[in-house]
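By convention in this document, chain letters (A, B, ...) are assigned in the order of the sequence lines, proteins followed by strands, and residues within each chain are numbered from 1. The basis for the numbers below is simple: all heavy atoms, side chains too, and nothing from hydrogens, waters or symmetry mates.
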Number of protein chains: 2
Amino acid sequence: MISSRGKYATRALLHLAQREGQAPVSIQEISERQVIPLKFLEQILLTLKQAGFVTSRKGPGGGYQLAKSATKISLGEVVRVFEGPLALVSCASVTRFGECGCPHPEVCGLREVWIEARHALAQVLDLTTFADIVQRQSHLEAGHHAIHDFSI
Amino acid sequence: MISSRGKYATRALLHLAQREGQAPVSIQEISERQVIPLKFLEQILLTLKQAGFVTSRKGPGGGYQLAKSATKISLGEVVRVFEGPLALVSCASVTRFGECGCPHPEVCGLREVWIEARHALAQVLDLTTFADIVQRQSHLEAGHHAIHDFSI
DNA sequence: TATTACTCTACTAATTCGATAGACTAAGTA
DNA sequence: TACTTAGTCTATCGAATTAGTAGAGTAATA
């Protein structure tokens, strides 16, 4: 399970991705619109900034913006910043390794499966960018409105 | 990341699967061979028993055995017992649901991706049985021995 | 200079996690 | 019957993590 931090981070980033090219967005706006505790969100945005996903501007009219195109930010990258390696088990991680604990990692049938699982997860998360998510969301909203319009 | 409990559980189950059809295996043997703290393993095996994966027999010659064929126990089932739903986020879970927290789950582009990720993970874990893992392991061991033999 | 808005660090309450301890029960065996 | 073996069950504990709060500080703008 992904932590609240991680979930909030992805929601905040999606919020910014939806406003790409527009004026900076304040912490307060994100907090209110995305229903995220303000002081908690501050920390999260700071982490996102340190990780190079967003930039910030102080003072009136300030706020946060994406540091690069939403097409260049994958969900996998962001998840890794907040949750660590995607691997379910350290012996299946590409980055961390060796901290397996199991008696014979080199001939472990389980490890092979953990690696497969990690790969399946990475395949989805690393190939999905925030631009994709923005697009999906607008499709969903269009469909939702259509249904709503129809029901009137 | 999967907890120690979950990792130990899968290792213990693999140990039993490798001895399917043989005499019961004691907690102590599993503990020693798989390098798992004994008293911790007791609890884990109890959980595995309650979940219907293993049976036990007390007294001399007693121990644990698989409750059903290793072909009928998937890694996914076992992981779920110890880690809860496979979904990275509750709004993508088939079992738990509604505890999303996000403002509009019905039109959430992120949720779609979380669901995809859950599906990718489930595809691997639910289709892999402990019989598969036993087989993989013996292939690995055969290969490993072959290399070793060659180097002599 | 007042206001706006991000920055940074410390803290805390609650929960979870990994593990240990110990008393208890059941099944064989001499 | 008594002893031994081996699983059962519950309580506890320390350390780590998590979610969230608090507050003082800095930079930019009007």
#### Entry: Nearest-Å distance for atom pair CD/C1', residues Glu32(A) and dA5(C)
14 Å

### Task
Could you tell me the separation between the CD1 atom of Ile30(A) and the C1' atom of dC6(C), rounded to a whole number of Å?
12 Å

### Query
When you check the gap from the basic side-chain N to the acidic O, do Glu42(A) and Lys39(A) get nearer than 4.0 Å?
yes

### Message
Just to be sure I understand the rule, does Tyr8(B) reach a base, reach only the sugar-phosphate, or reach nothing, if contact means heavy atoms closer than 4.0 Å?
### Response
sugar-phosphate

### Proximity to the side chain of Lys49(B) - top-ranked nucleotide from dT21(D), dT7(C), dT8(D)
dT8(D)

#### Entry: Nucleotide dT15(C), atom C1' - distance to CE of Met1(A) in whole Å
16 Å

### Message
How many whole angstroms separate atom NZ of Lys58(A) from atom P of dC8(C)?
### Response
7 Å

### Query
Of Thr128(A), Asp132(A), Ile133(A), which is the lone residue that meets side-chain contact (heavy atoms from CB on, under 4.5 Å) with Phe130(A)?
Ile133(A)

### Task
When you get a sec, tell me which of dC6(C), dT21(D), dG20(D) is the closest nucleotide to the side chain of Gln43(A)?
dT21(D)

### Query
Which one, dC8(C), dC9(D), dG18(C), comes nearest to the side chain of Ser3(B)?
dG18(C)

### Query
Just wondering, do Asp126(A) and Arg80(A) contact through their side chains at under 4.5 Å, heavy atoms?
yes

### Comparing Ile27(B) and Ser4(A) on DNA chain D - which has the more 5′ nearest nucleotide
Ile27(B)

## Note on the structure
To the nearest angstrom, the NZ-P distance between Lys7(B) and dG18(C) comes to 8 Å

### Message
Can you see if the side chain of Ser26(B) gets near the phosphate of dA6(D) - specifically, an N or O under 4.0 Å from OP1 or OP2?
### Response
no

### Task
May I ask you to verify if any side-chain N or O of Ser56(B) is less than 4.0 angstrom from the OP1 or OP2 atom of dA6(D)?
no

### Query
Taking only side-chain nitrogens and oxygens of Tyr64(A), does any of them come within less than 4.0 Å of OP1 or OP2 of dT7(C)?
yes

### Message
Using whole Å, what does the distance between atom P of nucleotide dG18(C) and atom NZ of Lys39(B) come to?
### Response
18 Å

### Message
Nearest whole Å is fine: how far is dG18(C) P from Ile36(B) CD1?
### Response
13 Å

### Task
Please round to the nearest 0.5 Å and tell me the distance separating atom CD of Glu116(A) and atom CZ of Arg111(A).
12.5 Å

### Query
Closer than 4.0 Å, any side-chain N/O of Arg57(A) to the OP1 or OP2 of dT29(D)?
yes

### Query
How many angstroms lie between OG1 in Thr71(A) and CG in Leu66(A), if you round to the nearest 0.5 Å?
10.0 Å

### Task
Starting from P on dT10(D), measure out to CD on Glu42(B) and report it in whole angstrom.
14 Å

### Query
Counting side-chain heavy atoms from C-beta on, which of dA19(C), dT8(D), dG28(C) comes nearest to Pro60(B)?
dG28(C)

### Query
Taking the nucleotide of DNA chain D with the closest heavy atom to each, which residue, Gly59(A) or Ile2(A), is nearer the 5' end?
Ile2(A)

